[in-house]
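I have placed the structure first, in the form of structure tokens, so that the comments after it can refer back to it.
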Amino acid sequence: MQLKTLHIKIIFIVIFTLLIGSMIFWLAKNKGLRDYQAIASNGELRVETNLNTIDYFIKNDTVQGFQYELVKAFCDSFHLKPVWSVENSLQKSIENLQEGKIDLIARNIPITSEMREDLAFSIPILQVPQVLVQRKAKYNDSIEPIRSQLMLAGKTICVPESSPNILRLKNLSNEIADTIYIREMPRYEAEQLMMMVAKRDIDYTVCDLQTAKKNAALMPELDIETAISFTQMQAWAMRPASPELKQKVDSFLVNFLQTKQYRDIYRKYYK
């Protein structure tokens with residue numbers, strides 16, 4: 001009987017030790033991770049976005065951009081101060097979010113089942129297809145642009161490092177039962193890759209239709225008429241461990257996306 005009691009005590013001690021160890025590990029891993037109450041108490045929302053001529057840029061010593069104005073409107077409604085950082089690598093931004101260095105990723109992130117495993121998305125802000133960016137025949141030795149996705153077999157498409165479009169291109173490669181080569185370009189944004197296509201440094205890239213239209217208007221060499229995906233929903237991203245922040249963001253967006261102020265912001269940067 002005493003031996004049985006001793007065994008029970010040992011099992012209890014082992015279980016208790018494991019629980020304490022797990023708690024210490026969780027606390028260490030989640031140190032600095034904040035939800036809305038902590039953010040409101042501090043008064044600052046740490047936001048990371050990408051630097052380009054649509055989302056976030058500086059003009060005449062003034063910060064401007066689609067994401068900048070949306071985040072500012074959200075922060076104004078909740079009396080918060082946005083604290084900005086810029087990172088063109090989405091993967092790095094996700095790491096910063098998970099490590100508690102930032103609270104929100106404000107950029108056009110396609111909502112996919114794979115990314116839902118690590119991120120809590122806001123309600124969709126934009127709904128757009130992804131398109132192939134290539135040169136018009138006039139600027140490409142009279143070679144006609146690709147119109148069938150089957151013609152992408154054997155082609156190399158350059159994308160920003162860790163771009164969400166990589167998954168779509170891999171799926172497309174499976175769909176056409178042939179290889180599409182994907183070249184990740186560290187430190188390059190979609191707009192920069194579009195410029196490289198126009199200058200004949202690379203042949204193909206992909207990006208969302210709105211960004212493509214904005215830049216194609218400035219670069220007549222570019223053809224953006226070939227879609228590579230159906231319409232995709234795009235949103236901001238937060239940590240799954242920040243449900244209160246997600247609720248505040250969603251409640252704001254539900255109303256704000258229907259306002260004239262939002263329509264004016266959209267036309268300012270995408271029309």
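- Side chains of Thr53 and Glu191: a donor-acceptor N/O pair is present below 3.5 angstrom, by distance only.
- Taking hydrophobic clusters as Ile, Leu, Val, Met, Phe, Trp and Tyr residues chained together by side-chain heavy-atom distances below 4.5 Å, Leu218 does not share a cluster with Ile202.
- In the hydrophobic clustering of ILVMFWY residues, with side-chain heavy atoms under 4.5 Å counting as a link, Val71 and Leu51 come out together.
- Hydrophobic clustering, with ILVMFWY side chains joined whenever heavy atoms are under 4.5 angstrom apart, keeps Ile54 apart from Met194.
- At distances below 3.5 Å, not a single donor-acceptor pair connects side-chain atoms of Ser242 with backbone N or O atoms of Asp35.
- The minimum heavy-atom distance between Ile111 and Ser122, with the atom names listed, is CD1-O, 4.3 Å.
- Arg187 is not listed as a side-chain neighbour of Asn88, based on a closest heavy-atom distance of 4.5 Å or more.
- Closest heavy-atom contact between Cys158 and Met185: CB-CG, 3.9 Å.
- With a 4.5 Å cut-off on side-chain heavy atoms, Pro186 and Glu161 count as touching.
- Going from atom CG of Asn52 over to atom CD of Glu189 covers 5.0 Å, rounded to the nearest 0.5 Å.
- Checked by atom type and distance alone, the side chain of Ser173 pairs as donor or acceptor with a backbone atom of Asp178 at under 3.5 Å.
- The existence of a salt bridge linking Arg135 and Asp203 is confirmed by a sub-4.0 Å separation between a basic side-chain nitrogen and an acidic carboxylate oxygen.
- Screening Asn165, Asp208, Thr211 for a side chain to side chain donor-acceptor pair (under 3.5 Å) with Gln130, the sole residue that qualifies is Asn165.
- Between Pro160 and Tyr188, the closest side-chain pair of non-hydrogen atoms is not below 4.5 Å.
- Atoms CG and CD, on Asn215 and Gln210 in that order, are 12.0 Å from each other to the nearest 0.5 Å.
- Residues Val131 and Ala212 approach most closely at CG2-CB, 3.7 Å, considering heavy atoms.
- At a cut-off of 3.5 Å, with distance as the only test, a side-chain donor of Asn108 or Gln67 sits close to an acceptor on the other residue.
- Scored by the ring pair (Phe, Tyr, Trp, His ring centres under 6.0 Å) test, Tyr270 finds Phe66, Tyr266 as partners (sequence neighbours excluded).
- Minimum interatomic distance between Ser77 and Phe252 (heavy atoms only, all atoms of both residues): OG-CD1, 3.6 Å.
- Electrostatic pairing of Lys101 and Glu48 does not count as a salt bridge here, judged by no charged N lying under 4.0 Å from a carboxylate O.
- For Arg147 and Thr226, the side-chain atoms include at least one donor-acceptor pair closer than 3.5 Å.
- In this structure, Arg34 pairs ionically with Asp103, as a charged nitrogen and a carboxylate oxygen lie closer than 4.0 Å.
- The distance from atom CG of Asn255 to atom CG of Asp250, rounded to the nearest 0.5 Å, is 11.0 Å.
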*Give the intermediate values and the outcome of salt bridge (Lys or Arg N to Asp or Glu O under 4.0 Å) for residues Arg200 and Asp141.*
CA-CA 11 Å; Arg200 302 173 68 110; Asp141 300 326; 2.9 Å; yes
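- Expressed to the nearest 0.5 Å, how far CD of Glu44 lies from CG of Asn42 amounts to 5.0 Å.
- Within the 4.5 Å cutoff, side-chain heavy atoms of Lys268 are placed close to those of Glu69.
- A heavy-atom distance below 4.5 Å is found between the side chains of Leu70 and Ile265.
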*Report the C-alpha distance between Lys136 and Leu222 in whole Å, list the side-chain angles of each, state the deciding distance to 0.1 Å, and finish with yes or no for side-chain contact (heavy atoms from CB on, under 4.5 Å).*
CA-CA 6 Å; Lys136 296 174 182 175; Leu222 298 180; 6.0 Å; no
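- Looking at heavy atoms from C-beta onward, Gln127 lies out of side-chain contact with Gln234 at the 4.5 angstrom threshold.
- Test Phe57, Phe74, Trp84, Tyr269 against Tyr68 for ring-ring contact (aromatic ring centres under 6.0 Å, His included) and you get one pass: Trp84.
- The backbone N or O of Ala106 lies less than 3.5 Å from a partner atom in the side chain of Thr49, making a donor-acceptor pair.
- Using a 4.5 Å cut-off on side-chain heavy atoms (C-beta onward), Glu114 and Leu167 make contact.
- If you chain together ILVMFWY residues whose side-chain heavy atoms come under 4.5 Å of each other, Ile176 ends up grouped with Leu132, Ile146, Leu150, Met151, Leu152, Ile157, Val159, Ile166, Leu169, Leu172, Ile180, Ile182, Tyr204, Val206, Ile228.
- Between the side chain of Ser229 and the backbone N or O of Pro129 there is no donor-acceptor pair closer than 3.5 Å.
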*asked:* Please evaluate residues Ile109 and Trp236 with respect to the criterion side-chain contact (heavy atoms from CB on, under 4.5 Å), reporting the C-alpha separation (whole Å), side-chain torsions for both, the decisive distance (0.1 Å), and the verdict.
replied: CA-CA 6 Å; Ile109 308 173; Trp236 290 345; over 6 Å; no
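- Applying the 6.0 Å contact sphere to NZ of Lys213 captures no more than 12 heavy atoms from other residues, nucleotides or ligands.
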*Take Glu175 and Arg168, measure what salt bridge (Lys or Arg N to Asp or Glu O under 4.0 Å) needs, and give me the verdict at the end.*
CA-CA 10 Å; Glu175 290 167 16; Arg168 172 56 195 152; 2.9 Å; yes
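- Of all non-hydrogen atoms in Pro124 and Met233, the two that sit nearest each other are CG-SD, 3.5 Å.
- Classification of Asp76 and Lys81 as a salt-bridged pair fails, no side-chain N sitting under 4.0 Å from a carboxylate O.
- Here the shortest heavy-atom pairing between Ala40 and Leu80 reads CA-CD2, 4.0 Å.
- Cluster annotation: Leu126 is connected to Leu253 through the hydrophobic network of ILVMFWY side chains, with a link wherever side-chain heavy atoms come within less than 4.5 Å.
- Taken from CE in Met196 to CG in Asp201, the straight-line distance is 5.0 Å, to the nearest 0.5 Å.
- Side-chain N/O atoms of Asn96 and Glu87 include no donor and acceptor closer than 3.5 Å.
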*asked:* Run Phe78 and Ile39 through side-chain contact (heavy atoms from CB on, under 4.5 Å) and show every step you take.
replied: CA-CA 11 Å; Phe78 288 96; Ile39 293 168; over 6 Å; no
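- Distance alone, capped at 3.5 Å, is enough to place a donor-acceptor pair between the Ser251 side chain and the Gln247 backbone.
- Rounded to the nearest 0.5 angstrom, Ser93 OG and Asn50 CG are separated by 7.5 Å.
- Under the 4.5 Å side-chain contact rule for hydrophobic residues, Leu245 and Phe256 share a cluster.
- Looking only at side-chain heavy atoms (C-beta outward), Lys246 and Tyr36 stay at 4.5 Å or farther from each other.
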_Gln232 and Val128: CA distance, side-chain angles, deciding distance, side-chain contact (heavy atoms from CB on, under 4.5 Å) verdict_ = CA-CA 5 Å; Gln232 289 184 323; Val128 292; 5.8 Å; no
